[in-house]
Structure formats: structure tokens, C-alpha cells
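Just so you know, ligand 1 is whichever comes first in the structure, and atom 1 is the first atom listed for that ligand.
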Amino acid sequence: MSARPLTILGIETSCDETAAAVVRGHPDGVREILSDLVLSQFDAHRPYGGVVPEIAARAHIMSLDGMIAAAIDQAGCGWQGLDGVAATAGPGLIGGVMVGLVTGKAIAAARNIPLIGVNHLEGHALSMRLVQPVAFPYLLLLVSGGHCQLLEVRGVGDYARLGGSLDDAAGEAFDKTAKLLGLGFPGGPAVELAAKGGNAARFALPRPMLGRAGCDFSFSGLKTAVRHMAAALPEMKDQDRADMAASFQAAVADVLVDRCRHAMAQFRDGHGALPEPVLVVAGGVAANQMLRGALAALCAQQGFTLAAPQLRLCTDNAAMIGWAGIERLALGLSDPLDISARARWPLDR
Ligand code: KG4
Ligand code: ZN
């Protein structure tokens with residue numbers, strides 16, 4: 001951490017959440033979220049059953065200015081209290097990313113403060129360090145709507161990918177399953193809620209990649225199996241929905257746990273002497289309580305500590321972007337005002 005407190009405005013617009021936050025990092029390690037505002041566009045996208053990029057970009061334009069003003073107001077630091085501005089520069093829906101990044105550039109230019117163009121995935125990857133000072137290196141399961149990866153986090157900007165999804169991301173599978181079952185949008189929370197009253201043993205769904213060597217995932221076969229089983233039912237009743245949601249969620253958890261077990265073995269091989277290895281789970285799907293429980297059991301069995309941010313830091317937010325900005329700025333890292341927005345931007349090189 002730097003020798004003085006750093007106060008950063010974070011801006012997040014890479015998908016369907018318009019978010020602005022002010023976070024502060026102190027030299028003694030204390031972290032503060034001074035404001036953390038998220039405006040979800042669920043209602044705008046709900047009729048389409050998924051995120052429509054053009055609608056998302058327009059919605060960010062409509063509300064971002066007001067969100068930023070409110071975040072600064074709530075933080076009580078004033079514009080003059082900002083040491084920098086961190087905006088998501090990718091990966092994501094390019095129209096939305098551009099809205100947030102251009103706004104960040106304008107603020108940096110007007111206030112003469114550094115701009116940090118943050119990789120959205122790095123925001124998720126470091127989100128746990130906003131809560132507590134988890135030491136590098138740690139193992140990371142990053143599970144969101146667009147990404148499903150196992151990474152070794154060695155430091156800020158230093159990631160090694162152990163595995164990833166060969167097709168759909170885990171969150172995408174939740175969203176598609178919810179759509180198939182008529183559970184609504186966004187899918188993850190809807191499937192989790194429906195699954196609470198369901199029997200996870202009723203439908204024998206496949207566990208793609210389970211037991212295979214390595215740390216890769218695959219979810220498209222699972223989604224197809226849900227579709228076939230749903231089509232085979234004479235009529236979809238609420239109990240069928242609940243049972244299918246529970247069976248699907250259990251299959252996803254089994255696969256994620258199995259892949260994490262492999263990643264833990266690989267991580268241990270690389271860092272045998274680490275006394276207390278940590279598994280961090282981040283991204284929107286990490287909000288799932290059943291998955292958290294399954295990962296906690298795996299960690300207990302494998303001698304790892306599970307670290308998971310609170311729910312609102314799992315799904316997209318600007319506090320994690322601001323925090324990644326603090327981590328970078330503390331290392332003397334910032335970006336020129338001509339950096340480009342990127343639709344694709346892998347974390348590892
Ligand atoms: O990290 P995030 O907010 O956005 C991306 O960067 O993609 O993740 C959103 C994804 C969506 O697919 C959503 O359905 C899923 O996270 N999600 C969940 C839960 N809450 C959100 N999946 C399972 N259980 C949940 N409780
Ligand atoms: Zn995300």
C-alpha cells in the first residue's frame with residue numbers, strides 16, 4: 001500500500017449494471033467503501049430474456065453521470081478528494097465499456113488525476129482483498145455470466161490460468177436453464193430460489209468433465225440435458241421446475257468442486273510450502289449459497305481456507321473496480337488517456 005491514503009472513484013459499465021463507487025485504502029491496510037451504488041437494468045432486458053447490448057449501452061449513457069455524482073456525494077470526499085479514477089476498460093459489451101471508460105477519461109482530464117483502465121476480471125479477482133488482506137499467491141475460481149476460470153493469482157497483473165470453460169460460462173448455464181424452465185431473468189438467483197424447494201436427486205443430469213485430468217469445464221451438455229428432460233415431461237409443474245433447478249444446481253456444484261480439487265493439487269505442486277493455502281471464489285455465481293457450501297466442504301477436506309466476498313461484491317459492482325485501481329495506483333501503475341476499450345481481454349498473458 002502507498003504511504004498515504006488513496007481515494008478512488010470506480011466506474012463499472014461492462015454489462016447490465018451501471019455502477020459507481022468511492023473506495024479508500026489506507027497505508028496501514030484499512031480499506032473503506034465510502035459509497036457503492038449499483039443500478040441494475042434487469043427491467044429493460046427482461047422482455048428479451050437476456051442482455052441486449054444496444055439497450056445496455058443506452059441505459060449506461062442515461063444514468064452514469066447521475067450515479068457518479070451520487071457516489072461522490074454519498075462518499076463525502078468531494079471531487080477534490082479523489083486521487084484517481086478507475087474505469088472498467090474491458091472485457092465486456094463494447095458499447096457499455098466505452099461509455100464508462102470515456103467518462104473516466106473525461107473526469108481524469110478535468111480533475112488532472114490518474115486514470116486506471118481496469119480489467120473487469122481483475123476487479124473480480126482482487127475483490128476479496130477489498131474485504132481482507134488475502135496474501136498472494138492464492139487460487140481463484142472466477143465464475144460469472146461471461147467467464148468460468150481457475151487461476152493462480154500471483155500478484156496484481158500476474159495471473160496464471162489453470163483451466164477454463166470450453167463452451168458456456170457457469171452463469172450463462174444458470175441463465176439459460178432459468179429461461180428454459182420459465183424462471184425469469186436474471187437466471188442465477190431465480191434458479192437458486194426455485195431449487196430451495198426441489199429434490200436434487202430426481203433428475204440424473206450429466207456432470208461434464210467430472211474426473212477428467214486438468215481444470216477445464218464444460219456446461220453446454222448440461223444445459224442440453226435439461227432441455228431434453230424438460231421436453232420429456234408431459235407438463236411442467238412448479239414442483240418439476242423446483243426439482244430440475246435443484247438437480248441442475250447440484251450438477252454444476254459437483255463439476256466446480258471436482259475441477260477445484262484438481263486445481264488445488266496443481267497449486268500445491270507449485271507452492272508446496274504454503275502453510276495456509278486459500279481458495280477465493282468470486283464473480284456473480286459465487287453468490288450461490290449452495291455452491292459456497294460445497295466449496296467450503298471441499299476446502300475443509302483439502303486443507304484450504306475458503307474466502308468469498310459478501311454477496312453484493314460477487315455480482316458486478318464498482319467498488320471492486322475502484323479497489324483494483326487502488327492496488328494498481330499503489331504500485332505506480334496508471335494508464336494514458338488514449339487507452340482503448342476492449343471487448344476481449346484475457347487476464348493471463
Ligand atoms: O459477475 P457478474 O455479475 O457479471 C459478469 O461479469 O458476468 O455475474 C452475473 C452472473 C449471471 O449469469 C447470474 O445469473 C449469475 O452471475 N448469478 C448467480 C447467482 N447470482 C448471480 N448464479 C447462481 N446463483 C446465484 N445466486
Ligand atoms: Zn463480472
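Taking a 4.0 Å cut-off on heavy atoms, G146 registers as neighbouring ligand 1. Ligand 1 is never approached by C15 to a heavy-atom distance shorter than 4.0 Å.
Considering only non-hydrogen protein atoms, atom 19 (C) of ligand 1 sits nearest to G284 O, 3.6 Å. Nearest non-hydrogen protein atom to atom 6 (O) of ligand 1 is H120 NE2, 3.1 Å. Summary of contacts: the protein heavy atom closest to atom 24 (N) of ligand 1 is N288 ND2, 3.0 Å.
Contacts of P189 with ligand 1, taken as heavy-atom pairs under 4.0 Å, involve both backbone and side chain.
Considering each of S127, S40, G188, the one bringing a non-hydrogen atom nearest atom 18 (C) of ligand 1 is G188. Selection from M290, H147, E192, Q249 by nearest heavy atom to atom 26 (N) of ligand 1 gives E192. The heavy atom nearest to atom 3 (O) of ligand 1, considering only N317, D316, V252, is found in D316.
The heavy-atom pair separating L291 from A253 by the smallest distance is CD1-CA, 4.2 Å. The shortest non-hydrogen separation linking G187 to A178 is CA-CB, 3.4 Å. Heavy atoms only, all atoms of each residue included: G96 and H60 are closest at CA-CD2, 3.7 Å. Across every non-hydrogen atom of L298 and C260, the tightest pair is CD2-CB, 3.6 Å.
Here is the list of ligand 1 atoms found below 4.0 Å of a heavy atom in D175: 11 (C), 12 (O), 13 (C), 14 (O). Using a 4.0 Å cut-off to heavy atoms of G171, the atoms of ligand 1 that qualify are 12 (O). Every atom of ligand 1 is numbered from 1 in the order shown, and the set under 4.0 Å from a heavy atom of H124 is 1 (O), 6 (O).
One finds no salt bridge joining D258 and R207 here, because no Lys/Arg side-chain nitrogen approaches an Asp/Glu carboxylate oxygen to under 4.0 Å. At a threshold of 4.0 Å, the pair D216-R259 does not count as salt-bridged, since none of the basic side-chain nitrogens sits closer than that to a carboxylate oxygen. Between D240 and K237 there is no salt bridge, since none of the side-chain N atoms of the basic residue sits less than 4.0 Å from a carboxylate O of the acidic one. Under 4.0 Å is where a charged nitrogen must lie from a carboxylate oxygen, and between D335 and R328 no such pair does.
At least one N or O atom of G145, backbone or side chain, sits closer than 3.5 Å to an N or O atom of ligand 1. The shortest N or O to N or O distance between T315 and ligand 1 is not under 3.5 Å.
For the Zn ion (ligand 2), the N/O/S atoms of H120 include one lying under 2.8 Å. At least one N, O or S atom of H124, from either the backbone or the side chain, sits less than 2.8 Å from the Zn ion (ligand 2).
Relative ring orientation between H124 and H120 is described as perpendicular, the plane-to-plane angle rising above 60° on a 0-90° scale split at 30° and 60°.
As for D316, its N/O/S atom nearest the Zn ion (ligand 2) is the one called OD1.
Cation-pi geometry between R129 and F136 is met: under 6.0 angstrom from the ring centre, within 45 degrees of the axis.
Residues F248 and F203 keep their aromatic ring centres 6.0 Å or farther apart.
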